[in-house]
Number of protein chains: 2
Amino acid sequence: MRKKYTIKDIAELAGVSKGTVDRVIHKRGKVSEKAFVDVTRILEEIDYKPNLIARNLKNNKVYSICVLIPDYHLDDYWLSCKEGIQSVKQEFSAFDIEINTLLYHSKDVNSFLQKSNEVLNLKPDAVLMVPSFQKESETIINLLASQDIVVSIFNNNIPNNKIFNFVGQDLIKSGRIAAKLFDLILGNGKVAILYIGANFKNATYFHEKDQGFKEYIQQTETALSSVTKTFSSENLEIELIDFLNQHPDIKGIFVTNSKTYMVAELIKKHKLKDLKLIGYDLLEENITYLKNNTIQFLIHQNAKHQIHLGLTNLIEHFMFGKKTPKRNLLPINIINSENLSSYTQKETIYE
Amino acid sequence: MRKKYTIKDIAELAGVSKGTVDRVIHKRGKVSEKAFVDVTRILEEIDYKPNLIARNLKNNKVYSICVLIPDYHLDDYWLSCKEGIQSVKQEFSAFDIEINTLLYHSKDVNSFLQKSNEVLNLKPDAVLMVPSFQKESETIINLLASQDIVVSIFNNNIPNNKIFNFVGQDLIKSGRIAAKLFDLILGNGKVAILYIGANFKNATYFHEKDQGFKEYIQQTETALSSVTKTFSSENLEIELIDFLNQHPDIKGIFVTNSKTYMVAELIKKHKLKDLKLIGYDLLEENITYLKNNTIQFLIHQNAKHQIHLGLTNLIEHFMFGKKTPKRNLLPINIINSENLSSYTQKETIYE
DNA sequence: CTAAAAAATGTGTTCGAGCACTTTTAAAAA
DNA sequence: TTTTTAAAAGTGCTCGAACACATTTTTTAG
């Protein structure tokens, strides 16, 4: 049985007091060179790991974390974040953690700035945010960092070396995966890559997925081809039907965000039977169309998992001094009607 | 800021001493009815959660866990378990956890029984095992339970109410998923459901996956059909080629275990170009054939994740008294050449 | 009504790390 | 050599829960 060494053990081994060991460990100085060398040698020899439980017992501070994300009342995609936060709260309910959630309007820069300011006023120990607006996010992140507030981001990445941790998916790969799936189920033919929503220039994810899709076509021997198009959600029906009429060779549609159900609805309505559809995220509406085979595959971005990991990374950093990677790239889950339930079922079959 | 109540706080609120509060919390008796009611009311009112850190500091016992699994030197499928154990050890290196791994020969009952006895002699606090042999496993589980050793299992389930926790996948669903994938990429035609190895009667997973596949065919309007066949690994080449010659209408092969690469090898060798292949697990050899498109999909059983979750469930139960579900059914991951890397990459890009 | 027994309640120590504080030792100045 | 000062080392308290043990209160028996 491997013995667990304590500071006291080390002190005895080195023939000094635990105070000296403590000073060596924390490099507080006021230690003779001999003592420093002796203690350091022993620390290395036994591979000393401090008892994090005892350490944390002493530092019994309430850690506060702010979560800054798009309002999930306005876009169902963010709804799963609510669950994610809830499950983290539950998981760490026995610890002194305080999580405040602030919601901004994902299309409104001013709302984002306003909520960011609220975060600043709350002076939390850490912030986990979705940096929807690149430029403004950078400003906020720098401001937070200057106040020694740890900042993590998730969902989409922005380059900034002050960011503690990023959780998300590789979106170029994500696009490639969609292409591969079309390749497998179509074999050949044209696929329309769609963006649905307002202001596609802000939606960096769209460009990356589009790029990934095309990359696959170029780099493999596939007989697939693609055409990229953006639509507003308001006029989708007229514009899309018109577009499809102009491109009768389109055999598949790749919707680059969670609005996939809007296209599925039209496929059903206009009886476009031979159109294969692949999109994103397990929204209720998407799931319905997945189950009735209007959608062939959904790619699961798992916002719940993302926010969960982002939060646990922060908490375990504060509570246990655990090392955290700069980036967590999550697996890209392929979902069809059959493995869907294995992702959505609750894990809580206690007895 | 939500205040964290301690036993001392509760004692003051109830007008008793912390000893009395302690007796109420742990139902140690020797408390007057009045005190019991008062303290219980306050505990409920403030939703008292004990500080697990402090609790664990006191109970500074080294918890020992035995892992009893098939020898990963003999079957690559179990290799990822080694990594899983390693990562748990790393994750909890600052805590007093001792994990002993015992490997048995997965085809040899006597080896299983022998190693089980070794586990009994080690008198651990808990055991996490793969119950390869149903009857013998039951005996061992009962024996362990009678000595107050907590037993969890993973990979395959066996019915026994003494089991603390099971981690695995729903194998019937797993078979359905394979059927769905063939449905999407083939549209119609016959699929051969294969078992490769010795003694398929012991391999309950095979029957469940087979059942799931057939269930899908029956319950949906698919034009797929299936034929089930078992092979020994030794004579696979002769027998399989012979079998395929007898069934020229077979357009897909579903290998129900990680031996998928053996079929892929034959497909390559005999240039059976139009045969679609779906199998299990991310072994090196399978990955090679997935990347060169001989295998269309792999279903990821994620033994590493399974053993990881099984172990953390046990540890967090012991260390933090965390509630654990009776069953953890893990998501069934669909892997193709494109999303593969998102599952296999290491999460350790520290900076 | 008192003594003994039983029940109820209170007190104080432990766990390991961290840090403030005190004491000891060594070096420098008088 | 003695005094002063700084450096080095040691001591002891804290965190919250758990539990052994001590003390007080209540009940029961004589």
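In what follows, chains carry the letters A, B, and so on, assigned in the order in which the sequence lines appear, proteins first and then strands, with residues in each chain numbered from 1. The figures that follow rest on heavy atoms only: side chains count, while hydrogens, waters and symmetry mates do not.
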State whether B/His26 places a side-chain N or O below 4.0 Å from either non-bridging phosphate oxygen (OP1 or OP2) of D/dA18. yes
Return the nearest nucleotide to the side chain of B/Val31; candidates are D/dA17, D/dG10, C/dT9. C/dT9
Side-chain donor/acceptor of B/Lys58 to base of C/dG16, under 3.5 Å: no
So does B/Ser32 get a side-chain nitrogen or oxygen closer than 4.0 Å to the phosphate oxygens (OP1/OP2) of D/dT26? no
Check the distance between D/dG16's C1' and A/Leu52's CG and give it to me in whole angstrom. 17 Å
Below 4.5 Å, heavy atoms only, C-beta onward: do B/Val151 and B/Ile140 meet side chain to side chain? no
Can you tell if the side chain of B/Phe154 reaches within under 4.5 Å of the side chain of B/Asn165, non-hydrogen atoms only? no
Of the listed D/dG16, D/dA9, D/dG12, the closest approach to the A/Lys18 side chain comes from D/dG12
A/Asp38 has an atom CG; how far is it from atom P of D/dA8, in whole Å? 14 Å
Using whole Å, what does the distance between atom C1' of nucleotide D/dG10 and atom CD1 of A/Ile7 come to? 14 Å
Residue closer to the 5' end of DNA chain D, B/Ile53 versus B/Arg23 (nearest nucleotide): B/Ile53
NA contact type, B/Asn51, heavy-atom cut-off 4.0 Å: base, sugar-phosphate, or nothing? sugar-phosphate
Roughly how many Å is it from CG in B/Asn56 to C1' in D/dA18, rounded to a whole number? 12 Å
Taking only N and O in the side chain of B/Thr20, is any of them less than 4.0 Å away from OP1 or OP2 of C/dG10? yes
Measure CG/A/Asp22 against C1'/D/dG12 and give the value in whole Å, please. 13 Å
Do A/Asn156 and A/Val130 make a side-chain contact, defined as non-hydrogen atoms from C-beta onward lying under 4.5 Å apart? yes
Rounded to whole Å, how long is the line connecting atom NZ of A/Lys49 with atom P of C/dA17? 13 Å
Are B/Ser17 and C/dG10 close enough that a side-chain N or O sits under 4.0 Å from OP1 or OP2? yes
Give the intermediate values and the outcome of side chain to side chain contact (heavy atoms under 4.5 Å, CB included) for residues A/Phe112 and A/Leu68. CA-CA 9 Å; A/Phe112 176 74; A/Leu68 180 63; 4.1 Å; yes
Side chain to side chain contact (heavy atoms under 4.5 Å, CB included) partner of A/Val24, the single match among A/Asp38, A/Val39, A/Ile42, A/Val16: A/Val39
Students often get this wrong, so: under 4.0 angstrom with heavy atoms, is B/Leu57 touching a base, only sugar-phosphate, or nothing? base
Separation of atom CZ in A/Phe36 from atom C1' in D/dA7, rounded to whole Å: 16 Å
Round to the nearest Å and state the distance from A/Arg28 atom CZ to C/dC21 atom C1'. 14 Å
Would you say B/Arg55 reaches D/dG16's phosphate, i.e. side-chain N/O to OP1/OP2 under 4.0 Å? no
Quick check on DNA chain C: between A/Lys8 and B/Ala35, whose nearest nucleotide comes earlier from the 5' end? B/Ala35
Closest to the A/Thr6 side chain: C/dA17, D/dG16, C/dG10? C/dA17
Does D/dA17 have OP1 or OP2 under 4.0 Å away from a side-chain N or O of B/Tyr48? yes
With a 4.5 Å cut-off on side-chain heavy atoms, are B/Glu91 and B/His308 touching? yes
